[in-house]
Amino acid sequence: MQLTTQPTNGPRPTAVTYWLSHAWLGTHVEPGVVLDVSGGLIAGVRTGVATPPPGAIVLRGLTLPGLANTHSHAFHRALRSTVQVGSGTFWTWREIMYQVAARLTPDSYYDLARAVYAEMALAGITAVGEFHYLHHAPGGTPYANPNAMGEALIAAAGEAGIRITLLDTAYLSAGFGKRPTQYQQPDRHQLRFSDTTAEAWAERASLLKGGDHALIGAAVHSVRAVPAAQLATVAAWAEERQAPLHVHLSEQTAENDACLAAHGCTPTRLLADHGVLGPRTTGIHNTHLTAEDIALLGSSATGTCMCPTTERDLADGIGPAVALQRAGSPLSLGSDSHAVIDLFEEARAMELDERLRTRARGHWTAAALLRAATVDGHAALGRPEAGIIEPGAPADLATVALDSVRTAGPVPRLAAEAVVFAASAADVRHTVVAGRHIVRDGRHARVEDVPAALASAIAALHG
């Protein structure tokens, strides 16, 4: 395993030109677009170019800004299918998750994450927010390099060719105690996750280094996993670095009930009272909220990351995304437990779940859903300059076929609607990061056989 600081090995091309048969420019589909790329950035955008200029690389289909997967637990990919046997709840699912977590080492986590991030690249994802809490060896003993696991994830993203925001996560307790100042000690599964105190977490997290393809952010695992008196330490660490801060929020009603019993308030109010909310903060799920919670999140411009495929897989519920956005909370999307890795499915699921809940259609346009999957997702990951096809933006692109069995037929001006409501990750033909082809014609340029890499890495954890 070798830590890299570039989305791919080797120097970036000094200049390259792409011709896009159709491009999504934020409000509409534009035919015949030329992008001039220099130093990994878009240097120029020319429209109305009917045929490819000499020497241009041709991208046929609908080219979008690269997609942002705002919430990921890479090792959960090893749970796919295993957790579909039988029934149960989030809490029984968690026991199976712990078993997989117990088997990971820095090397095996690198192998798995490299394959998972390559799967994301094949799905048009150019940046991921990795909510990382698997820090130490089994039993809680730190590795000789205390950030061996986090560095494995950074290296894996570099080798898979995508950008990563490593959201190093404070996970210090197993749950609330009987009094507000009393929290349960981590159980045997959770010892790997815990730095014992927020101060020790901050000391270790401060050693992490980013790079061209990697940013370092922070996360509060949840209000049950970080004692209230230590929340401000995590928030201050992120504030000092102007870094993203993420938190699992009100995913389960049981957590809400326990918080009310311990503190007399909701998790959202607890976070607000300890300085965690704000425009660089993103709440993950935000499912079971009160009207006051929604107002607190919106008025503080705290973001909301919806993960519909995981939320439905775990039977968690449907969050109030419409009300949150109206209140002022920007929406982003994540694949979370990786029941599937498909940002188009996440985007349309947000709309379709809301249709089922309200028995009404048209809560978000295709343009609004694409914004959640691009601009607002990248902003939540600390890259506000990304997610657009404009001069000065990173040359990160995803091209979706318009001639597959799912997308063929609609007129080009409705290509965004076709992609959002019918395409799948399998329809992604090209993925470009920093001006370099990571996926070309549906094949990953760095990981020769992604399915085989996934199968091998997962088999090693179940053997």
Test: salt bridge (charged side-chain N to carboxylate O under 4.0 Å, His left out). Region: residues 28-49. Which pairs qualify, not counting sequence neighbours?
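Non-adjacent pairs meeting salt bridge (charged side-chain N to carboxylate O under 4.0 Å, His left out): Asp36-Arg46.
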Please round to the nearest 0.5 Å and tell me the distance separating atom [atom1] of [X] and atom [atom2] of [Y].
X      : Y      : atom1 : atom2 : result
Ile438 : Leu397 : CD1   : CG    : 11.5 Å
Asp107 : Leu112 : CG    : CG    : 12.5 Å
Glu346 : Leu67  : CD    : CG    : 11.5 Å
Gln325 : Leu331 : CD    : CG    : 4.0 Å
Thr70  : Ile284 : OG1   : CD1   : 7.5 Å
Thr407 : Leu414 : OG1   : CG    : 13.0 Å

Return yes if some donor-acceptor pair links the side-chain N/O of [X] with the main-chain N/O of [Y] below 3.5 Å, else return no.
X      : Y      : result
Asn147 : Arg204 : yes
His213 : Gly158 : yes
His444 : Gly161 : no
His73  : Phe75  : no
His135 : Thr169 : yes
Thr63  : Thr399 : no
Thr302 : Leu277 : no
Arg192 : Ala101 : yes
Arg429 : Ala426 : yes

Partners meeting ring pair (Phe, Tyr, Trp, His ring centres under 6.0 Å) with Tyr171 (sequence neighbours left out)
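Tyr133, Phe193, His221.
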Could you go through Val400 and Trp24, starting from their C-alpha distance and side-chain angles, then the distance that decides it, and tell me whether this counts as side chain to side chain contact (heavy atoms under 4.5 Å, CB included)?
CA-CA 11 Å; Val400 186; Trp24 176 251; over 6 Å; no
Is the shortest distance from a Lys or Arg side-chain nitrogen in [X] or [Y] to a carboxylate oxygen in the other one below 4.0 Å?
X      : Y      : value
Arg348 : Glu351 : no
Glu119 : Arg80  : yes
Glu151 : Lys209 : no

Do [X] and [Y] have a side chain donor and acceptor closer than 3.5 Å?
X      : Y      : value
Arg241 : Ser206 : yes
Ser250 : Thr287 : no
Asn69  : Ser335 : yes
Thr310 : His76  : no

Can you name the closest pair of heavy atoms from [X] and [Y] and give their distance?
X      : Y      : result
Ala243 : Gly217 : CB-CA, 4.1 Å
Arg413 : Val29  : O-CG2, 4.1 Å
His430 : Val58  : NE2-O, 4.4 Å
Pro308 : Ala349 : CB-CB, 3.5 Å
Met306 : Thr304 : SD-CG2, 3.6 Å
Ala218 : Ala238 : CB-CB, 4.3 Å

Is there side-chain contact between [X] and [Y], with at least one heavy-atom pair below 4.5 Å?
X      : Y      : value
Val419 : Leu402 : yes
Leu153 : Met149 : no
Leu333 : Asp376 : no
Phe421 : Arg406 : no
Met120 : Ile341 : yes
His378 : Pro394 : no
Thr47  : Leu25  : yes
Ile164 : Tyr117 : yes

Evaluation steps, side-chain hydrogen bond (donor to acceptor under 3.5 Å, both in side chains), between Glu130 and Ser72:
CA-CA 5 Å; Glu130 184 60 41; Ser72 162; 2.7 Å; yes
Relative to each other, are the rings of His248 and His71 parallel, tilted or perpendicular (30° and 60° limits)?
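Ring orientation, 0 to 90° scale: perpendicular.
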Apply side chain to side chain contact (heavy atoms under 4.5 Å, CB included) to the pair Glu311 and Ile318, showing each step before the final yes or no.
CA-CA 7 Å; Glu311 290 150 6; Ile318 301 170; over 6 Å; no
Tell me, yes or no, whether the heavy-atom count around Arg355 atom CZ, taken from other residues, nucleotides or ligands under 6.0 Å, exceeds 12.
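Atom CZ in Arg355 is packed in, count exceeds 12.
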Using a 6.0 Å cut-off, check whether atom CD of Gln242 has over 12 heavy atoms from anything other than its own residue.
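More than 12 within 6.0 Å, yes.
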Verdict with supporting geometry, Thr431 and Leu122, side chain to side chain contact (heavy atoms under 4.5 Å, CB included)
CA-CA 7 Å; Thr431 304; Leu122 289 170; over 6 Å; no
Are Thr309 and Asp336 close enough, and set up right, to give a side chain to side chain contact (heavy atoms under 4.5 Å, CB included), and what steps lead you there?
CA-CA 8 Å; Thr309 66; Asp336 191 0; over 6 Å; no
What do the steps show when you test Asp293 against Thr290 for side-chain hydrogen bond (donor to acceptor under 3.5 Å, both in side chains), and what is the final call?
CA-CA 5 Å; Asp293 292 340; Thr290 66; 3.2 Å; yes
When you look at Glu354 and Trp364, which way does the side-chain hydrogen bond (donor to acceptor under 3.5 Å, both in side chains) test go after all the steps?
CA-CA 10 Å; Glu354 190 67 15; Trp364 292 279; over 6 Å; no
Pair Glu345, Ser424 - check side-chain hydrogen bond (donor to acceptor under 3.5 Å, both in side chains), show working.
CA-CA 7 Å; Glu345 179 63 21; Ser424 77; over 6 Å; no
